[in-house]
Amino acid sequence: MKRAIMPGTFDPITEGHLDVIRRAAQIFDEVIVAVAQSPHKEPLFTHEERAELARQATESIPNVTVEPFSGLLVEFAKEVEASVVVKGLRAITDFEYEFQMTALNYELANDIETLFIMSPPKFMYLSSSIVREIARLDGDVSQFVSPCVEAALAQKFGLSRARG
Ligand code: COA
């Protein structure tokens with residue numbers, strides 16, 4: 001039984017994240033989407049809202065579950081008995097930061113491996129902050145996020161654009 005966690009702030013979860021989650025779910029028996037509290041990022045959505053949106057966006061993937069966490073990632077990985085951390089790698093600019101986090105996590109717990117899954121070109125420049133910015137300006141985010149996230153963004157910004 002190989003269990004992996006896919007951590008992030010997911011403010012909100014995007015199609016780029018979902019692409020990585022789906023691919024991880026093909027490799028591992030179980031994938032836990034670990035939604036970090038990330039108070040330093042001052043997220044738009046609350047911790048519980050981000051976890052709930054991630055739950056709704058991943059509900060069709062049978063071996064994926066969603067758990068909010070606070071504290072150290074490696075401690076959470078141990079708590080849920082996951083031996084692998086999966087991260088998406090988009091552009092080369094991600095590398096330096098991811099390299100640093102992976103090295104630090106390895107110092108903290110060298111029995112937990114980090115595995116990178118490369119994003120396809122269409123998601124290379126996608127990020128949660130870009131999605132928030134487009135939605136804030138009443139732009140169409142439907143190609144970047146699930147319908148539940150699109151509706152939540154519209155509600156957050158008090159706009160009328162929502163699918164269906
Ligand atoms: N597709 C689209 N966007 C992606 C993506 C993908 N595959 N992968 C990452 N992104 C985006 C994210 O949405 C985020 O966008 P934003 O900055 O516009 O909001 C950005 O890229 C950064 O993502 P990521 O590197 O995953 O950072 P994060 O803030 O979402 O999550 C944690 C970072 C939670 C993994 C990290 O802070 C952590 O482990 N925290 C726990 C505390 C801890 O252990 N700290 C010590 C670590 S050494």
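Ligands are counted one by one from 1 in listed order, and the atoms in each one are counted from 1 as well.
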Short list, please: which atoms of ligand 1 are under 4.0 Å from a heavy atom of [X]?
X    : value
T9   : 28 (P), 29 (O), 30 (O), 31 (O)
G71  : 41 (C), 42 (C)
S119 : 7 (N)
S127 : 3 (N), 15 (O), 18 (O)
T14  : 2 (C)
V20  : 7 (N)
S129 : 16 (P), 18 (O), 19 (O)
L72  : 43 (C), 44 (O)

Consider ligand 1: state whether an atom of it lies below 4.0 angstrom from any non-hydrogen atom of [X].
X    : result
F76  : no
L126 : yes
E98  : yes

Under-4.0 Å protein heavy-atom contact, [atom]:
atom                    : answer
atom 43 (C) of ligand 1 : yes
atom 47 (C) of ligand 1 : yes
atom 40 (N) of ligand 1 : no

Just let me know how [X] lines up against ligand 1, side chain, backbone, both or neither, with a heavy-atom cut-off below 4.0 Å.
X   : answer
A36 : side chain
Y97 : side chain
L73 : both

Give me the nearest non-hydrogen protein atom to [atom] as residue plus atom name, then the distance to 0.1 Å.
atom                    : value
atom 12 (C) of ligand 1 : H17 NE2, 3.6 Å
atom 21 (O) of ligand 1 : R90 NH2, 2.8 Å
atom 13 (O) of ligand 1 : S128 OG, 2.7 Å
atom 23 (O) of ligand 1 : K41 NZ, 4.7 Å
atom 26 (O) of ligand 1 : K87 NZ, 3.0 Å
atom 36 (C) of ligand 1 : M101 SD, 3.9 Å

**Asked** Do the non-hydrogen side-chain atoms of L53 and F10 ever get within less than 4.5 Å of each other?
**Response**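 No, every pair of side-chain atoms sits at 4.5 Å or beyond.
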**Close side-chain approach of I5 to L73, heavy-atom, < 4.5 Å** =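 Yes; the side chains approach each other to less than 4.5 Å.
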**Message:** Please evaluate residues K122 and E15 with respect to the criterion salt bridge (charged side-chain N to carboxylate O under 4.0 Å, His left out), reporting the C-alpha separation (whole Å), side-chain torsions for both, the decisive distance (0.1 Å), and the verdict.
**Reply:** CA-CA 10 Å; K122 64 178 176 175; E15 285 298 326; over 6 Å; no
Can you tell me how far [atom2] of [Y] sits from [atom1] of [X], rounded to the nearest 0.5 angstrom?
X    : Y    : atom1 : atom2 : value
R22  : H17  : CZ    : NE2   : 12.5 Å
E107 : L104 : CD    : CG    : 7.5 Å
I21  : I117 : CD1   : CD1   : 10.0 Å

**Request:** Decide whether an N or O pair under 3.5 Å exists between N105 and ligand 1.
**Result:**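 No, N105 has no N/O under 3.5 Å of an N/O on ligand 1.
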**Heavy-atom pair with the smallest gap, counting every atom of F123 and G16** =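 Minimum heavy-atom separation between F123 and G16: CG-CA, 3.8 Å.
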**Request:** Grab the two heavy atoms, one from V20 and one from G88, that are nearest each other, plus how far apart they are.
**Result:**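 Heavy-atom minimum between the residues: CG2-CA, 3.8 Å.
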**Item:** Salt bridge R132-D11, side-chain N to carboxylate O under 4.0 Å
**Value:**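 Yes.
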**Item:** Over 12 non-hydrogen atoms of neighbours within 6.0 angstrom of CE in M124
**Value:**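 Yes, enclosed.
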**Prompt:** For S70, does its backbone N or O pair with a side-chain atom of H47 as donor and acceptor, under 3.5 Å?
**Reply:**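 No, because the side chain of H47 does not come within donor-acceptor range (under 3.5 Å) of the backbone of S70.
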**Message:** Donor-acceptor pair, distance only, cut-off 3.5 Å: does the side chain of N63 make one with the backbone of F28?
**Reply:**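 The answer is yes, because a donor-acceptor pair under 3.5 Å joins these two groups.
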**Message:** Tell me which one of T14, T9, V145, V149 satisfies side chain to side chain contact (heavy atoms under 4.5 Å, CB included) with S128.
**Reply:**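 Option passing the side chain to side chain contact (heavy atoms under 4.5 Å, CB included) with S128: T14.
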**Prompt:** Hey, are E52 and Q56 close enough side-chain-wise for a donor-acceptor pair under 3.5 Å?
**Reply:**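 Yes, a side-chain donor-acceptor pair sits under 3.5 Å.
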